[in-house]
Amino acid sequence: MIGLNSVGVLVPSLVGFAFILPLLGKLIKNVKFFHIYAALASLWAAILATYNAYLVFTAGTQVYPFGGWPPPLGIAYELDKLNALLGMVTALVMLAITIYSAWYLKDYEGVAYYYTLLLGLEVGLIGCLYTGDAFNLFVMLEVLSISAYALVGFYRSKPEAVEAAIKYGMFGAVATTLYFVGLVFIYATFGTLNMADLAFKLTFYVYYPVPNPFSGTFFGNPYVASAVALALALWAFTYKSAAFPNHFWLPDAHPEAPTPVSAALSGLVVNVGVYAIVRFLYTIFGPSAFVVQLRDAVLIALLVLGIASGLIGALMMVVQEDIKRLLAYSTISHIGLVLVGVAIGTSSTLNQNSLAYVLGLAGGIYHMVNHTLGKALLFLVSGILIALAGGSRKLDDIGGVGRRYPLVSLALFLGVFQLLGVPPFGGFFSKLLIYSAYMEAGMPYVSLMVILISAISLLGYVKLIYASVFKVGSPKVEQTTKVSLPTAIVLALGIACLVTGLATTYITSMMFDVVGSFATPQGVYDYWQSFFNTLLNLASGVMR
Amino acid sequence: MEANALDQALMVVGTVMIVWGAVSDLIGALGMLRFPNFFVRLHAATVGTIWGAFVPLIGVSLFAAGYEGLGFYRWFMAGGALVTAFLLLLLAPVGSHALARAAYRSRAAEVKPKVVDFLEEFVKKVMGGENDRA
Amino acid sequence: MIEPKLISYLFMAVAGALSLIATYLAVIEKDLVKAVIYSAIQSTAYTILFYLLMAPDIALVYIPVAVGLYPAVVFFLIKKTERFEESG
Amino acid sequence: MRFLKVRNMDINGFLFVFMLSTIMLNLVISLYGVFARPSLIKKIIALTILSDSGNVLAIAVGFRDWPSGWSPSTPPVLNVTSPKASDVVSFARVAVDPLPQALVLTAVVIGLAVMLFLVFLTLQIYRLYGTTDVRKVAKLKG
Amino acid sequence: MERLGKALGVGLVVFIVYVIFSGSASPYDLITGALVAGATGFLTANLTVDKPIKFLQLQRLAWLLTYAVRYFFIDEVKAHVDVMRRILHPRMPINPGIVKVPYEVQSDYAILTIANSITNTPGTVVVDVDPEGKALYVHWIDVKVTEPDKVREEVSKVFEKFARRIFD
Amino acid sequence: MDENVLLNMILYALPVYLLAFLLYVVRAVKGPTIPDMVLAVDALSYDLAAFLAILAVVFKIPILIPVAIVLALWIYALDIYVAKYLESKEMGE
Amino acid sequence: MRLGRYLQAFSLVALAVLLAVALTYKGLGDLPNPAVRDLALWYLYTTLNPEVPNMTVMSPEAVTAIVWDYRGLDTLFETMVFFLAIVGALAIMRGITLNEGGEGLHIERYGLSLITKTATKLLVPLIIGVSASIALHGHLTPGGGFQGGSAAAVAPLLVLVIFSTYYVVFKLRLSELSMISLRTLGLMGIYMTSFATLILGLVIGVNAYIFQNMPKANAFIGLPPALGGSLISGTLFFFNLFEFFAVAAGFTLVFILLSIPEVKAREVLKGEEHGH
């Protein structure tokens, strides 16, 4: 039984690490303590998350019912291969970011608050991924968001940072509130909040309409409810993932945060938005749900939004003068690509060409992971470069710092190749998967768009590499700054990037496996089956 | 359900107080509407809070104490209403006073019409020159 | 003969209308202090709604938060910043 | 009350629907407030109204009609501490849906927390820019 | 030691309020009530009470009861009827002004009692208080006299008499 | 007297309260000054507290009563900080 | 201008009436309905039902039962959101405190009038008593930790507004540190309570779950539902108690932070370096 407990224990146990930290921050003056404390907490999370992923990949979908309540009554964490994998990646990258923070914040006050918020961010991230309950997702999104707002505004005397934080926070609060309103509609009509239960009810709605007290009214109409809920929820999730019309906050917010946090925001937080979209469109309102036309329309809209944000991000990258802002626009571009990948599952594709369906989704998920590694790496490298260049974020001032630190430059190259999609790296294979999916599905113009986006973003990356490595400038290199710890971390991340590419046959088949676990009818059925088994297991023997 | 004489008496008194409260409340509200300025309206508000809220709350308390139909939590209700009533007796005048003083000192509301105003010089003395910031 | 049920629904409707007026005025009003007081009226109306919709728990949590803390916090904020929303 | 019936809805249903419509309009008005008003403080006020309206909507969804004109539906609180089976059954026949109430309890606290944090951020904006008007803030940043 | 006495006094009041508010006297209520009362009393003793001994003098309680009865059945009724008449009268006969009402009691609670009694009777509202000059400034809806001593006769004589007996 | 007769009497008092509330609301919305508005909200809410207690009797649901006390408490707090707002330079002073 | 605004408001109400008429006249069915959803029935049947001893919360209050037992995880993270908001506020206000400078001040001269102050002195213990009652009866009557805690927060708020923040900080000694300590106490209490049954289960080697309260069909342990004949509903009592402390301390902390004079903030912020 200990094995199953690790699924449930991970997120709640991290909460305790965070709860006690502000008091410790008031009592303990030694900064080193906090670095070690936070690293240990992160390590604990990483170990558990890895173990959970191992558990899921060997033993199938895991359900942990909190309080021992059968799922629709209580909350359950439901891990299939998708969220187990993403959870593992998240925890590992967060570990790297936490250790990096120890270098980054070595002489800064407010370290305890910083780590509390960072732990809050980690709790929110993993909680969002693990949860099997739509309302719990709302709560976890808020945990995630509020720590993100606070971290963006962490440099409180920097006007741009505070302004970015309030812009992000104000509209983020609206987005999550609207998601809550969407949930109200869902509950009013379908009478449940558990994702697996919802998936079941939506699939079989045609045969077994769920009776609800408002049947025949505006609130009880399943089509109205689905449309409203899907629209509001997707608006919230595209806000969180910064897809095109809602991308306006990202280029302000991500660069203004402390650099490790920028890495976490750009690499991990946007993933949660995409993950939630995928969960809503493939598990809850899955391919077999009764709202087929609605779902198709939403997916096509997502495809358009994905292409738009891909293009806009790539174009805006080229004109940036600020290294972190450049990377932030690159995030928008890549999220666009991921959305293009996951938007493939319209009913026509599914019916006519299931290969394209699997390829596109696998490519999207694969690219999500690749982007996480590459983007976290690049942001962390940019932190080193900025520190070496005396604190300026301008590409001109950085001019050629990388030349004196070959290991840092190496990491930079690895990250850029990963994002750009140079052949032995993971980014290449994931883009290839998305490309071939749309070729297969008979939409070659989308494939061309993928190539176009990559081509445009090439300019931006070349600019980045040129400015930081090849340009012959006169940077004020601060020789006193010791960079061995962060260099080790970025190199480790770089090796991870390389591994995602070199082991591509293995990883691709794993991705197909992942897609099979959440997006196919069989996968949805398994998801529901494990929920139902848990229910039966817990409810049997009640009336003894 | 046949209640005993004491209970019945409590309920009757309670009902009378509640109805009485309704009438006073209406009159107080009328006063709020008709009176010419803030300071005079304070008196109407007092009518509304003491006879319009305190008395019916006591009435509720008595009614609940005598009404067995309320079941298990009947005394909870009686006690709650009683405590609310007495807190109200303490809070309402203090609130009015604080509001009146603030309105006077910040000159947010004029004391007009008025017959006499003894307060003017005292406030001038206490606040010195900084009275003009309203 | 009035039924209590009708009274209950009547008060719900009145509270709804009241909240609508108060919300509109709160959003439109340029003087932020008045806007806060309008939003306090709106909160009071919502309190009636929660009460009549048989949610005493929510009323108990909503009153401190919306009638008490929101105005307090916003008053603190207005006092430290500025009172009028500029026109235009 | 028969003369007040419209189709199969009586006056009570009309009043309830009216209440729901006002709440919907409140949602719209407060969205306008958040997006269109320039003052950050006004945005915060509108944001609180937005989340409160969502909460009222949730509670209204969990409401159930009175069984008859004289016996109300009750809050989801059992009024005996050691019930028999019949007590529980009769309780479940009249009590409103407790789940939306629990969700709203959570949502209220979350809304409060976010609002508190935004207040501190606004204060910081004012310290740095000397204004809470978003147009001016954007202009000052240049 | 003195703090303990104060805490006992405050705790007693809190305990009574707690039990009345809970509306039952089961062991659970009594135990938690005692704990809450003890903690609250201990925490707020120095804030709330000056002289703990006053809680134990029963004649003060008797005076309080007498005062309550007299206040609710005579003073309040007179004042309410008067103000209601003014509200409903078509011409609204008001004659408002702010007058000075001196007082002679010592303790803060006595002042509070007088001020609250004055404010709770419609027709008179305490606008300001001058602790050094020992005077209340009262907004009076119908100013009959203006000299402070005569005003005192009209407005606060009774309240002051009882307040002194209860608190001083 | 039968309890139903008494309950009926209370029932007929309720619309009177409604009327009073509407009048208070008119004053609260109209102003003209801030203390006026607050005073009206204040009186409205105290009466509302009493009214909610009465409704609890009419509905025969005693557990609704704590709402009244909390409402009264917080409306008092609203009074106090409006007063403080008007009177002082900073809220903390 | 003002009149026009009222007219607009009333036309909005008229719009709502029209909307309602339209919705009603279309015959959208019975709204509201005297029926309730199936899931709700499950909650109502099992919240206090001694006849199904391994599927009940043993609390007559279904809302508190859902908040702290059926969906306890939500509430833990809701507490965390509130906690993070306060930490965020603390991070913004870091270094800005009111620690010194209390010697030369005439604290008595700040604040509102004598009457208000005296009333507050009397009020504070009463408020704490009443709100403690709301919190500690959370599993029996409407109310609970958050409700009680936020009502209790009126007391320090009133003292702060009526007496002045100097009085709170220098006379009553309610500093940031003490509030953070009290808050951490409450939060850790909540945390420990949520793991209590799991740890108990691990110790005696029985299956148990996080947030478990009463015994379940496949996890036979739980906390006692009643003590000495009075219901305490297992973990619910402890959750309410600790949440009461956490919330009251949290609000007090927020208001202490908000009431720090702006001069202090400007002193600290002037010329502060920031990172990149």
Side-chain angles (χ1 to χ4, degrees), chain C residues 1-8 10-11 13-15 17-19 21-22 24-26 29 31-45 47-48 50-52 54-80 83, chain F residues 7-8 10-12 14-15 17-18 21-22 24-26 28-29 31-38 40-42 44-45 48-49 51-52 55-78 80-86 88-93:
Chain C
M1 177 73 73
I2 317 176
E3 288 183 343
K5 183 175 173 178
L6 179 64
I7 296 222
S8 165
L10 188 68
F11 269 88
V14 169
L18 181 58
S19 74
I21 295 172
Y24 182 73
L25 291 175
E29 179 65 58
D31 184 347
L32 292 170
V33 178
K34 284 189 180 173
V36 176
I37 296 169
Y38 284 133
S39 91
I41 299 176
Q42 167 261 335
S43 311
T44 316
T47 305
I48 305 174
F50 285 133
Y51 188 89
L52 292 173
M54 297 298 160
D57 278 279
I58 309 302
L60 275 179
V61 72
Y62 185 76
I63 293 167
V65 168
V67 182
L69 287 168
Y70 282 158
V73 168
V74 179
F75 274 126
F76 271 91
L77 185 59
I78 295 175
K79 197 79 195 178
K80 280 171 185 277
R83 179 172 163 176
Chain F
L7 279 177
N8 252 326
I10 296 176
L11 216 53
Y12 279 99
L14 296 183
Y17 276 104
L18 178 61
F21 292 156
L22 291 180
Y24 280 130
V25 167
V26 169
V29 170
T33 65
I34 288 167
D36 277 312
M37 293 166 70
V38 177
V41 176
D42 196 24
L44 169 67
S45 304
L48 200 59
F51 177 75
L52 296 182
L55 271 189
V57 167
V58 173
F59 292 167
K60 298 183 197 130
I61 307 173
I63 44 179
L64 291 173
I65 204 78
V67 178
I69 197 165
V70 174
L71 188 61
L73 269 181
W74 278 99
I75 285 297
Y76 170 67
L78 181 71
I80 292 296
Y81 35 75
V82 172
K84 186 80 177 184
Y85 177 86
L86 291 172
S88 64
K89 282 208 198 77
E90 274 238 30
M91 290 294 277
E93 283 184 354

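Naming convention: chains lettered A, B, ... in sequence-line order (proteins, then strands); numbering from 1 in each chain.
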So which part of C/Asp31 gets closer than 4.5 Å to some heavy atom of chain F, the side chain, the backbone, both or neither? side chain
side-chain contact (heavy atoms from CB on, under 4.5 Å) for F/Phe21 and C/Val14? Distances and angles first, verdict last. CA-CA 10 Å; F/Phe21 292 156; C/Val14 169; over 6 Å; no
Using heavy-atom distances under 4.5 Å, tell me whether F/Ala28 contacts chain C through its side chain, its backbone, both, or neither. both
Does any backbone or side-chain atom of F/Val25 lie under 4.5 Å from a heavy atom of chain C? Answer side chain, backbone, both or neither. side chain
Residue among C/Tyr38, C/Phe76, C/Tyr51, C/Tyr62 with most heavy-atom pairs under 4.5 Å to chain F: C/Tyr51
Looking at side-chain heavy atoms only, is the closest gap between F/Phe51 and C/Phe11 below 4.5 Å? yes
With chain C as the partner, which of F/Ile61, F/Leu48, F/Val41, F/Ile69 has the greatest number of non-hydrogen pairs under 4.5 Å? F/Leu48
Note, C/Leu69 side chain near F/Trp74 side chain (heavy atom, < 4.5 Å): yes
Which bit of C/Leu18 is near chain F, if near means a heavy-atom gap under 4.5 Å: side chain, backbone, both or neither? side chain
Largest heavy-atom contact set with chain F, pairs under 4.5 Å, which of C/Pro64, C/Ala59, C/Pro71: C/Pro64
C/Val36 versus F/Val82: any side-chain heavy-atom pair under 4.5 Å? no
Between F/Leu14 and chain C, which part of the residue has a heavy atom less than 4.5 Å away: side chain, backbone, both or neither? both
Please classify the contact of F/Leu22 with chain C as side chain, backbone, both or neither, using a heavy-atom distance under 4.5 Å. side chain
Residue pair C/Met54 / F/Phe59: nearest heavy atoms and the distance that separates them: CE-CD1, 3.6 Å
Between CG on residue F/Leu52 and OG1 on residue C/Thr47, distance to nearest 0.5 Å: 8.5 Å
Determine yes or no for a side-chain-to-main-chain donor-acceptor pair under 3.5 angstrom, with C/Lys34 supplying the side chain and F/Ile34 the backbone. no
Rounded to the nearest 0.5 angstrom, the CD1-CG distance for C/Ile7 and F/Leu11 is 4.5 Å
How many angstroms lie between CD1 in C/Ile63 and CG in F/Leu73, if you round to the nearest 0.5 Å? 10.0 Å
Starting from the C-alpha separation in whole Å, work towards a yes-or-no answer on side-chain contact (heavy atoms from CB on, under 4.5 Å) for C/Leu10 and F/Leu18. CA-CA 10 Å; C/Leu10 188 68; F/Leu18 178 61; 4.1 Å; yes
Please look at C/Val67 and chain F and tell me whether the side chain, the backbone, both or neither of the residue comes under 4.5 angstrom of a heavy atom of that chain. both
Which atoms of F/Leu78 are under 4.5 Å from chain C, going by heavy atoms: the side chain, the backbone, both sets, or neither? side chain
Apply side-chain hydrogen bond (donor to acceptor under 3.5 Å, both in side chains) to F/Tyr81 and list each qualifying residue two or more places apart in sequence or on a separate chain. none
Of all heavy-atom pairs between F/Val67 and C/Pro56, which one has the smallest distance, and what is that distance? CG2-O, 4.2 Å
Side chain, backbone, both or neither: which part of F/Ala56 has an atom under 4.5 Å from a heavy atom of chain C? both
